[in-house]
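One structure is given below, encoded as structure tokens.
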Amino acid sequence: GVVLAAAAVALIVFSAARSRRLWELQRSVDPTGARGAWKAALAFTGIALIALAGAAALVARAAGAPVTERFGNWHMLVVAALYFPWALLQQYIFMFYWFGRWLRLVPLPVAVVLTALAFSAVHFPRWPVMAVTLVAGSVWALIYYRWRSVVPLAVSHALLGTALHYWVFRNDLLERWIPLVERWLP
């Protein structure tokens with residue numbers, strides 16, 4: 001994952017001038033600007049959080065576990081904040097760089113599908129995550145196409161990724177990350 005991210009960042013940096021020229025040709029024409037992107041991203045995030053809460057309830061009931069335990073872990077707040085820079089990098093790579101280039105080559109629906117498939121594929125082999133990211137990647141691409149703003153998408157990504165892990169998978173990311181950080185500290 002880290003090598004792939006580093007390679008993607010290097011490609012973006014080396015092609016930044018070309019990227020700017022490409023995107024200057026197709027700036028957002030929506031008068032709501034970033035406000036519109038925030039509204040759309042938060043609306044999608046709210047709907048997706050409700051769906052994830054429903055999925056968490058179904059999984060908990062199937063396991064015979066109390067549903068409320070999945071929603072009360074304070075680690076989620078820390079993880080969402082720590083997740084944000086990673087989500088921002090992914091949104092930049094997939095929306096600005098990948099999606100932007102596809103838009104110059106193929107019609108919008110094809111660019112959306114290719115971007116969503118690529119975003120889903122980087123989550124291989126976690127099939128449930130791939131399915132969720134396929135849908136989210138499609139919606140985020142459409143939002144990005146209209147407003148050209150990655151920060152609202154990164155916030156959505158961080159919140160939904162955190163909720164998916166904690167609520168549905170009952171996976172405490174902070175507990176998994178602390179030992180990794182401790183190994184890197186002197």
Side-chain angles (χ1 to χ4, degrees), residues 1-5 8 37-96 98-99 112-147 149-184:
V2 173
V3 173
L4 179 62
W38 279 105
K39 286 179 183 178
L42 292 176
F44 168 67
T45 303
I47 292 166
L49 286 172
I50 291 168
L52 289 175
L58 291 173
V59 170
R61 284 196 186 111
V67 174
T68 55
E69 285 181 8
R70 294 177 180 262
F71 302 103
N73 190 336
W74 65 269
H75 289 180
M76 286 181 62
L77 300 173
V78 175
V79 166
L82 293 173
Y83 200 132
F84 175 75
W86 179 241
L88 183 61
L89 176 63
Q90 287 185 53
Q91 291 300 325
Y92 184 77
I93 291 167
F94 282 99
M95 296 307 148
F96 175 77
W98 180 266
F99 182 58
V112 169
V113 168
L114 291 172
T115 300
L117 285 170
F119 185 65
S120 178
V122 300
H123 294 89
F124 179 81
R126 298 173 301 160
W127 296 103
V129 178
M130 290 175 68
V132 170
T133 56
L134 182 66
V135 173
S138 298
V139 173
W140 290 330
L142 291 170
I143 292 170
Y144 185 76
Y145 177 75
R146 183 162 180 183
W147 289 286
S149 184
V150 295
V151 174
L153 304 181
V155 169
S156 175
H157 185 160
L159 292 173
L160 294 176
T162 300
L164 179 66
H165 281 280
Y166 279 84
W167 295 355
V168 179
F169 300 144
R170 200 154 187 227
N171 181 11
D172 191 334
L173 295 176
L174 190 60
E175 284 185 6
R176 289 181 56 202
W177 292 348
I178 289 173
L180 296 173
V181 171
E182 287 174 343
R183 279 191 259 163
W184 289 52

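Predicted, not measured: the structure shown is a model, and the values here were computed from it.
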- Item | Leu117 side, atom CG; Trp98 side, atom CH2 - distance, nearest 0.5 Å | 9.5 Å
- With a 3.5 Å cut-off and no angle check, do the side chains of Asn171 and Tyr166 form a donor-acceptor pair? no
- For residues Trp167 and Leu49, report the shortest heavy-atom separation together with the two atoms involved. CZ3-O, 3.4 Å
- Message: Quick one, Trp86 and Leu89 - any side-chain contact, counting heavy atoms below 4.5 Å?
- Response: yes
- Task: Report the distance from atom CG of Leu88 to atom CD1 of Ile93, rounding to the nearest 0.5 Å.
- Result: 10.0 Å
- Note on the structure: What one should report as the nearest heavy-atom pair of Ala40 and Trp147 is CB-CZ3, 3.5 Å
- Verify, without hydrogens or angle tests, whether Ser120 (side chain) and Ala116 (backbone) share a donor-acceptor contact under 3.5 angstrom. no
- How about Phe169 and Pro128: do any of their side-chain heavy atoms sit closer than 4.5 Å? yes
- Message: Once you measure the plane-to-plane angle for Phe124 and Trp127, does it fall in the parallel (<30°), tilted (30-60°) or perpendicular (>60°) bin?
- Response: perpendicular
- Note on the structure: Separation between NE2 (His165) and CZ (Arg126), nearest 0.5 Å, reads 5.0 Å
- Val112 side chain near Tyr145 side chain, heavy-atom distance below 4.5 Å: no
- Under 3.5 Å donor-acceptor, Arg146 side chain and Ala37 backbone: no
- Task: May I ask you to test the Phe119-Trp140 pair for a side-chain heavy-atom distance under 4.5 Å?
- Result: yes
- At their closest point, which heavy atom of Leu160 faces which heavy atom of Leu52, and how far apart are they? O-CD1, 3.8 Å
- Message: Looking at every heavy atom in both Tyr83 and Ala158, which two are closest together, and how far apart are they?
- Response: CD2-CA, 3.9 Å
- Message: Do Val59 and Arg70 have side chains that approach each other closer than 4.5 Å (heavy atoms only, starting at C-beta)?
- Response: yes
- Message: Run the side chain to side chain contact (heavy atoms under 4.5 Å, CB included) test on Thr115 and Met95 for me, step by step, so that the C-alpha distance in whole Å, both residues' side-chain angles and the decisive distance to 0.1 Å come before the verdict.
- Response: CA-CA 8 Å; Thr115 300; Met95 296 307 148; 4.0 Å; yes
- Can you list the steps and then say if Phe71 with Val67 is a side chain to side chain contact (heavy atoms under 4.5 Å, CB included)? CA-CA 8 Å; Phe71 302 103; Val67 174; 3.5 Å; yes
- Query: Using 30° and 60° as the class limits, which term best fits the ring planes of Tyr144 and Phe99: parallel, tilted or perpendicular?
  - Reply: perpendicular
- Message: Which heavy atom of Ala154 sits nearest to which heavy atom of Ala87, and what is that distance?
- Response: O-CB, 3.5 Å
